[in-house]
Amino acid sequence: PNVGIVEVKDERLDRLVEVIHPKSVVYTTVSFTDIAGLVKGASKGEGLGNQFLSHIRDVDAIIEVVRCFDDPNIVHVEGSVDPRRDVEEINLELILADMEVIEKRIPKVEKKATLRVDEDSLLEYNLLNKIKEGLLKGIPSRLLTYDEKELPILKTLQLLTLKPILYVANISEKDLHKDNPYVNSLKELAKNESSEVVVISSLLEEDLIDLDNEDRILFMEDLGMEKSGLDELIEKAYKLLGLQTFFTAGEKECRAWTFKKGMKAPQTAGIIHSDFERGFIRAETISYDDFLKYGTLQKAKDNGKMRSEGKEYVVQDGDIMLFRFNV
């Protein structure tokens with residue numbers, strides 16, 4: 001697999017940089033693992049087979065790039081373009097791979113569960129059978145509901161169908177603002193499983209990458225694009241994974257940091273350095289909206305908008321933070 005590290009463009013960080021003029025700027029990043037296309041029978045070793053599936057186990061979310069354009073010069077492995085069929089084939093391979101994991105695991109806990117040796121075995125046995133029943137009906141494990149006791153066991157299974165999915169409809173440049181029946185079909189399928197679809201033209205994105213910032217903006221304006229497909233993909237991937245951004249800002253460096261929604265101040269401090277979390281005292285915090293309202297961090301502070309937050313503070317998206325610690 002090819003791994004691409006992509007900077008997450010953030011207008012909020014750009015605004016901080018305009019005001020502070022730091023010596024360096026560091027955007028947060030997203031890592032995309034590009035894996036060769038999955039073919040029918042991968043769960044049984046066809047194509048890249050299990051090697052392919054092992055690469056998927058290491059990612060946090062799956063992005064399925066689905067062909068939504070006609071081109072006689074580009075042969076489709078199935079001989080025709082049909083996004084719904086392609087998605088169902090991929091998802092079936094993931095279900096079959098998970099079924100193998102479940103069926104190997106059930107006999108290992110069945111005896112203990114039947115004899116009620118311990119509560120954990122019974123809990124796992126019931127969970128495995130619930131997932132198996134869902135998979136047999138074609139229901140991915142991510143669409144089932146679980147209670148809190150089941151979640152730790154679920155995590156150890158490393159199921160492929162548990163990973164959140166985002167669909168990318170790959171269209172041709174000429175279809176950019178047109179109604180596309182392939183895309184509509186994909187959106188309908190995604191809606192039924194509460195997933196989202198990002199529409200991009202991969203050839204167009206390739207052209208955009210080669211341009212400098214000024215030319216890119218002009219090119220996008222000519223095409224009536226507010227943002228690039230890649231930027232939209234990053235935003236949707238962020239949302240899918242429950243990720244948010246906080247900032248650190250000073251004359252030496254302005255930087256964006258990624259954290260999981262719901263994290264408390266000491267945990268986010270630990271993202272910067274483990275010592276920050278270990279010796280956490282407090283987090284001096286200004287919201288991005290207050291910074292924007294007053295124009296500078298100092299003016300926001302002078303107007304009483306700098307808060308001193310303790311260990312129980314749940315960090316908010318866009319917080320500008322200075323951590324005080326002692327080790």
Side-chain angles (χ1 to χ4, degrees), residues 2-19 21-22 24-34 37 61 63-76 80-84 86-87 165-191 195-241 243-245 247 254 256 258 288-289 292 317-318:
N2 294 312
V3 178
I5 310 287
V6 184
E7 281 187 346
V8 179
K9 297 299 178 190
D10 196 317
E11 289 176 2
R12 298 171 299 180
L13 182 59
D14 295 338
R15 180 77 183 116
L16 279 165
V17 170
E18 281 173 20
V19 173
H21 305 294
S24 74
V25 184
V26 183
Y27 291 90
T28 189
T29 59
V30 172
S31 172
F32 288 99
T33 304
D34 180 24
I63 295 170
E64 288 187 24
V65 183
V66 187
R67 178 170 168 176
C68 292
F69 65 89
D70 289 309
D71 188 336
N73 298 314
I74 303 172
V75 178
H76 191 293
S80 63
V81 178
D82 184 342
R84 185 178 281 269
D86 293 348
V87 165
I165 280 187
L166 184 61
Y167 296 106
V168 173
N170 186 18
I171 62 168
S172 69
E173 191 178 325
K174 61 179 175 21
D175 288 341
L176 198 57
H177 299 296
K178 291 180 184 173
D179 187 54
N180 183 317
Y182 295 139
V183 173
N184 294 340
S185 171
L186 183 61
K187 283 182 175 177
E188 190 183 322
L189 182 146
K191 189 180 177 183
S195 298
E196 289 205 56
V197 175
V198 178
V199 181
I200 71 166
S201 166
S202 57
L203 280 176
L204 189 59
E205 294 297 317
E206 207 173 342
D207 291 339
L208 285 169
I209 283 169
D210 295 333
L211 300 173
D212 62 38
N213 200 40
E214 203 173 305
D215 288 340
R216 189 184 298 119
I217 291 165
L218 289 170
F219 188 38
M220 283 168 60
E221 281 176 2
D222 287 343
L223 292 165
M225 293 171 69
E226 287 183 15
K227 62 177 77 168
S228 75
L230 181 59
D231 286 343
E232 191 180 344
L233 178 58
I234 292 166
E235 281 179 26
K236 289 272 172 74
Y238 244 56
K239 185 181 169 187
L240 187 68
L241 292 168
L243 300 177
Q244 295 183 325
T245 305
F247 304 99
C254 282
T258 301
Y288 177 77
D289 288 343
L292 205 58
D317 187 42

Atom [atom1] in [X], atom [atom2] in [Y]: separation rounded to 0.5 Å?
| X | Y | atom1 | atom2 | value |
| --- | --- | --- | --- | --- |
| Asp317 | Tyr238 | CG | OH | 9.0 Å |
| Ile200 | Met225 | CD1 | CE | 9.0 Å |
| Leu243 | Ile234 | CG | CD1 | 12.0 Å |
| Ile217 | Asp222 | CD1 | CG | 12.0 Å |
| Ser201 | Leu208 | OG | CG | 9.0 Å |
| Asn180 | Ser172 | CG | OG | 7.5 Å |

Which pair of non-hydrogen atoms, one from [X] and one from [Y], has the smallest distance, and what is that distance?
| X | Y | result |
| --- | --- | --- |
| Leu223 | Glu173 | CD2-OE2, 4.4 Å |
| Cys68 | Leu186 | SG-CD2, 4.3 Å |
| Arg216 | Leu211 | NH2-O, 2.9 Å |
| Arg67 | Pro83 | O-CG, 3.7 Å |
| Ile63 | Phe32 | CD1-CE2, 3.4 Å |
| Leu176 | Ile171 | CA-CD1, 3.8 Å |

Looking only at atom types and distance, does a side-chain atom of Glu205 sit under 3.5 Å from a main-chain N or O of Leu230, one as donor and one as acceptor?
yes

Looking at Asp212 and Asp215, would you say the former's side chain and the latter's main chain have a donor-acceptor pair under 3.5 Å?
yes

If only side-chain N and O atoms count, and only distance matters, is there a donor-acceptor pair under 3.5 Å linking Asn170 with Tyr182?
no

Any [X] side-chain heavy atom under 4.5 Å of [Y] side chain:
| X | Y | value |
| --- | --- | --- |
| Val25 | Tyr27 | yes |
| Tyr288 | Leu13 | no |
| Glu64 | Val87 | yes |

Residue set satisfying side chain to side chain contact (heavy atoms under 4.5 Å, CB included) with Glu18, at least two apart, ordered chain then number -> Arg15

The side chain to side chain contact (heavy atoms under 4.5 Å, CB included) partners of Ala190 (sequence neighbours excluded) come to Tyr167, Ser195, Val197

Just jot down the salt bridge (Lys or Arg N to Asp or Glu O under 4.0 Å) partners of Glu7, sequence neighbours excluded, or say none.
Lys9

Ion pair present between Lys239 and Glu235, side-chain N to carboxylate O less than 4.0 angstrom?
no

